[in-house]
Q: 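My structure is below; once you've seen it, I'll send some questions.
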Amino acid sequence: MRELGYDVDKELCDEREVMSGLLRERGKQIIYQAKMDVLEKDERCSRFFFKKVLNTRMDLEGLKDVNGVEVLGEGVKEVVEGFYTELYREKSRDVGLEEDVLGALKGKVGAEELGGLVKEISEGEVRSILDGMARNKTPGRDGIPVEFYIRYWDILGKDLFRIYRYMWEEGRISKSMKEGIVVLIFKKGEKNDLRNWRPITLLNVDYKGYARLLAKRMSRVIGQVVLEEQVCGVPDRSISGNLSLLRDVLWDGLQRDRSVNVLSLDFEKAFDRLSHSFLFRVIERMGFPSVFVRVVRSLYEEIGSRLLVNGFESNRIKVGSGVRQGCPLSPAVFICAMEPLMCLIRNDKFMRGVSVPGSCGKCVKVFGYMDDVCVISENKAELQRAKLLTDIFCGASAFRVNWNKCEVKSFGGGCDVSDLGVKVVNSIKILGVKFDERMNGHESWGAM
C-alpha cells in the first residue's frame with residue numbers, strides 16, 4: 001500500500017480517531033440515559049452500570065450454597081439450579097385469608113370496557129403489536145428477533161395471526177412459548193449471594209407479541225382496577241406524583257411541628273414468589289371476563305426456564321410461582337396482585353394516615369411503585385397496624401416481607417419507632433429518592 005502512495009499510518013490514525021469519537025458519543029448517550037433512568041430503575045453512573053450495558057453476560061465465579069459455603073467451578077451451576085428450583089416452586093399460602101384480602105378490593109372493570117377485552121384478535125392488531133416492539137433486543141431460545149417478523153410479514157403475517165387466534169380461542173400456548181432462558185443481572189451487595197442477582201427471562205418474540213397484545217388490552221382498563229396510589233404501569237400516572245406528594249406531606253409536617261412517620265416495605269424476591277392461583281383470583285375479583293382470565297392463565301400453565309450460567313444452560317426448571325421479568329404482561333398483572341395490600345391499608349378504619357396540604361382534608365396512608373410500598377402515618381400504632389395487614393396479605397398471596405430490611409424514619413422527632421421491629425434510619429430512600437430532616441434533596445441530586 002505504501003508503494004502505491006498511501007499513507008497507511010495516517011489512515012490508521014484517522015480511523016482510530018473516528019472510533020474514539022464514536023465511543024465518546026456512546027459514552028455520553030449512556031450517561032444521559034442513566035440520569036433519565038435513575039428514579040425509574042434505581043441505577044447510577046457506576047462501573048457496574050457500564051458493565052451491564054456493554055456486556056452480554058457476567059460470569060459467576062463462586063456462589064454460596066444453602067449452607068453458606070462458597071462453591072467454585074462446576075459446582076456453581078448446581079447451586080444456581082437448586083436455588084431457582086426452590087424459588088420457582090409453587091408456594092404454600094393460607095387460602096383461609098384469601099376472602100378477607102380480596103374483599104378489600106374496590107376497583108372493577110367497567111361494563112363498557114368488557115367488549116374490548118374479549119373481542120376477536122385481528123390481523124391488523126397483531127401487526128400493530130409487532131410494529132410497536134423495541135428493536136435490537138436479545139431474542140429468546142429460537143434466536144429469531146422481531147426484525148425478522150417485520151421484514152417477512154408478507155410471508156409470515158397470516159400464519160402468526162392464525163396462531164394467535166387459535167391460542168386465544170383454545171386458551172393455550174405452544175410448547176416453545178412455555179420455555180424461556182434466564183440470564184442473571186447483578187444488582188448490589190455480595191456477588192456470591194444469588195439473592196443479589198436479578199433473573200431476566202429471554203422469551204421468544206412470538207410469545208412476547210401475544211403477551212404484549214394482552215398487556216395493551218389490559219392497559220385500557222388498568223386505571224379502573226388499580227387505584228391512584230399505585231403509579232407503575234398505569235397510563236397517565238408518574239412516579240413523580242407520589243414523590244411530590246410525599247415531599248409536600250413531610251414539608252407540611254415539619255412546618256407545623258407535627259410528627260410524620262414513613263415506613264418502607266421490602267419484599268423478598270417479590271416477582272418470583274407471587275402465587276399464580278392468588279393472581280388469577282385477584283383478576284377475577286376485579287371483574288375481568290372469564291375468557292380473558294383463561295387466556296392469561298394459559299401463559300402460566302406448565303411453563304419452565306433454563307438458566308444461562310457462565311455460558312452453559314441449566315436443566316429445565318418448572319416455574320410454579322412468580323411473574324417473568326421480561327414478559328410484557330408481567331407489570332400489569334403484578335400491580336393487580338399488589339392492589340389488595342394497597343386496599344387493605346387504604347380502607348382500614350383504624351388508620352387515618354396523614355393529611356395532604358391544600359387538599360381539603362384528604363389523607364394519604366400508602367402509595368407504591370410496583371413492589372416498592374410506602375406507608376405514612378402520624379403515630380406508631382398505625383404503622384403496627386400496617387405491619388399486621390401486610391402479614392395477612394403475605395399469608396394469602398405467598399409474598400414475603402424482609403422485616404429486617406424494611407426501614408422507618410420519623411420526621412419531626414415526636415414519635416419513638418425504635419421498637420417497631422424494623423431498621424430506624426436517619427434518611428429514608430423512597431422510590432429512588434432519599435428524604436431526611438433537611439428536605440433539600442442533596443443526597444439524591446448532589447452527585448448528578
Side-chain angles (χ1 to χ4, degrees), residues 39 104-107 223-232 234 236-266 335 338-390 392-393 406-422 424-441 443-444:
L39 293 183
L105 289 170
K106 294 296 182 182
Q224 299 176 8
V225 297
V226 175
L227 302 187
E228 61 182 350
E229 289 88 352
Q230 173 66 259
V231 297
C232 180
V234 182
D236 301 322
R237 297 184 194 172
S238 169
I239 190 174
S240 61
N242 277 349
L243 289 171
S244 298
L245 176 65
L246 179 59
R247 177 201 60 198
D248 293 346
V249 167
L250 294 178
W251 184 260
D252 184 65
L254 292 173
Q255 293 299 305
R256 297 173 182 271
D257 196 25
R258 181 183 63 187
S259 176
V260 179
N261 308 299
V262 181
L263 171 64
S264 176
L265 300 180
D266 182 277
I335 61 173
M338 291 295 296
E339 183 63 10
L341 173 61
M342 309 292 283
C343 290
L344 281 171
I345 297 174
R346 181 194 303 120
N347 303 338
D348 190 75
K349 62 182 180 180
F350 297 106
M351 295 180 64
R352 181 181 180 275
V354 179
S355 60
V356 178
S359 66
C360 300
K362 177 183 176 181
C363 291
V364 60
K365 304 177 185 179
V366 63
F367 60 76
Y369 184 90
M370 198 65 78
D371 65 324
D372 289 334
V373 177
C374 173
V375 181
I376 311 174
S377 78
E378 292 184 356
N379 59 70
K380 183 171 64 177
E382 292 188 6
L383 295 183
Q384 292 171 328
R385 180 71 178 175
K387 286 186 64 178
L388 173 63
L389 295 174
T390 302
I392 292 173
F393 168 74
C406 295
E407 295 182 346
V408 63
K409 163 70 177 168
S410 182
F411 292 83
C415 183
D416 181 12
V417 293
S418 59
D419 60 346
L420 194 62
V422 300
V424 180
V425 294
N426 292 323
S427 67
I428 191 165
K429 191 173 185 180
I430 303 296
L431 305 180
V433 175
K434 287 188 175 181
F435 292 86
D436 57 21
E437 297 285 349
R438 295 174 296 174
M439 292 296 292
N440 59 11
E443 285 193 70
S444 296

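Remember, predicted model here, so these are calculated numbers, not experimental data.
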Q: Determine the minimum heavy-atom distance between L263 and K387, stating which atoms define it.
A: CD2-CG, 4.4 Å
Q: Once side-chain contact (heavy atoms from CB on, under 4.5 Å) is applied, do any residues pair with V234, and if so which ones, sequence neighbours excluded?
A: I222, V226, R237, I335
Q: Can you confirm whether F393 sits close enough to L344 that some side-chain heavy atom of one is under 4.5 Å from a side-chain heavy atom of the other?
A: yes
Q: Checking side-chain polar atoms at under 3.5 Å, does D416 have a donor or acceptor matched by the opposite partner on S418?
A: yes
Q: Taking all non-hydrogen atoms of both residues, which atom of M342 and which atom of E229 are closest, and how far apart?
A: CE-CB, 3.8 Å
Q: Between V262 and F435, is any pair of side-chain heavy atoms under 4.5 Å apart?
A: no
Q: Write down the atom of N242, the atom of G368, and the distance for their closest heavy-atom approach.
A: ND2-O, 3.4 Å
Q: Is E339 close to V225 at the side-chain level, that is, under 4.5 Å between some pair of heavy atoms?
A: no
Q: Find the distance between CG (D372) and OG (S264) and round it off to the nearest 0.5 Å.
A: 6.5 Å
Q: Using a strict threshold of under 4.0 Å (side-chain N to carboxylate O), is an ion pair present between D252 and R258?
A: yes
Q: May I ask you to decide if M351's main-chain N or O and K365's side chain share a donor-acceptor pair within less than 3.5 Å?
A: yes
Q: If we only count heavy atoms from C-beta on, is the Q384 to L420 side-chain gap below 4.5 Å?
A: yes
Q: For the side chain to side chain contact (heavy atoms under 4.5 Å, CB included) test, which of L250, I376, N261 pairs with F411?
A: L250
Q: Quick check: closest heavy atoms across I430 and C374, and the distance to 0.1 Å?
A: CD1-SG, 3.9 Å
Q: For K380 and D419: C-alpha separation, side-chain torsions, deciding distance, then whether salt bridge (Lys or Arg N to Asp or Glu O under 4.0 Å) applies.
A: CA-CA 9 Å; K380 183 171 64 177; D419 60 346; 2.8 Å; yes
Q: Do K409 side-chain atoms and I428 backbone N/O form a donor-acceptor pair below 3.5 Å?
A: no
Q: Is any side-chain heavy atom of V417 closer than 4.5 Å to a side-chain heavy atom of L383?
A: yes
Q: Looking at D236, I'd like to know if its CG atom is crowded, meaning that more than 12 non-hydrogen atoms belonging to other residues, nucleotides or ligands lie closer than 6.0 Å.
A: no
Q: Is it true that R346 and E228 have a side-chain N and a carboxylate O under 4.0 angstrom from each other?
A: no
Q: Please round to the nearest 0.5 Å and tell me the distance separating atom CE of M370 and atom CE of M338.
A: 10.0 Å
Q: Please evaluate residues S355 and R256 with respect to the criterion side-chain hydrogen bond (donor to acceptor under 3.5 Å, both in side chains), reporting the C-alpha separation (whole Å), side-chain torsions for both, the decisive distance (0.1 Å), and the verdict.
A: CA-CA 12 Å; S355 60; R256 297 173 182 271; over 6 Å; no
Q: Would L227 and K106 satisfy side-chain contact (heavy atoms from CB on, under 4.5 Å), going step by step from the backbone distance to the final call?
A: CA-CA 8 Å; L227 302 187; K106 294 296 182 182; 4.1 Å; yes
Q: If I compare all heavy atoms of D436 with all of S427, which pair ends up nearest, and what's the gap?
A: CB-CB, 3.8 Å
Q: Might you point out which heavy atoms bring L254 and G412 nearest each other, and give the distance in Å?
A: CD2-N, 3.9 Å
Q: Taking E382 for the side chain and G353 for the main chain, is one N or O donor matched with an acceptor at less than 3.5 Å?
A: yes
Q: Does some side-chain heavy atom of S238 sit less than 4.5 Å from a side-chain heavy atom of V231?
A: no
Q: Between R385 and T390, does any side-chain donor sit less than 3.5 Å from a side-chain acceptor?
A: no
Q: Given side chains that start at C-beta, do those of V366 and V373 come closer than 4.5 Å, heavy atoms only?
A: yes
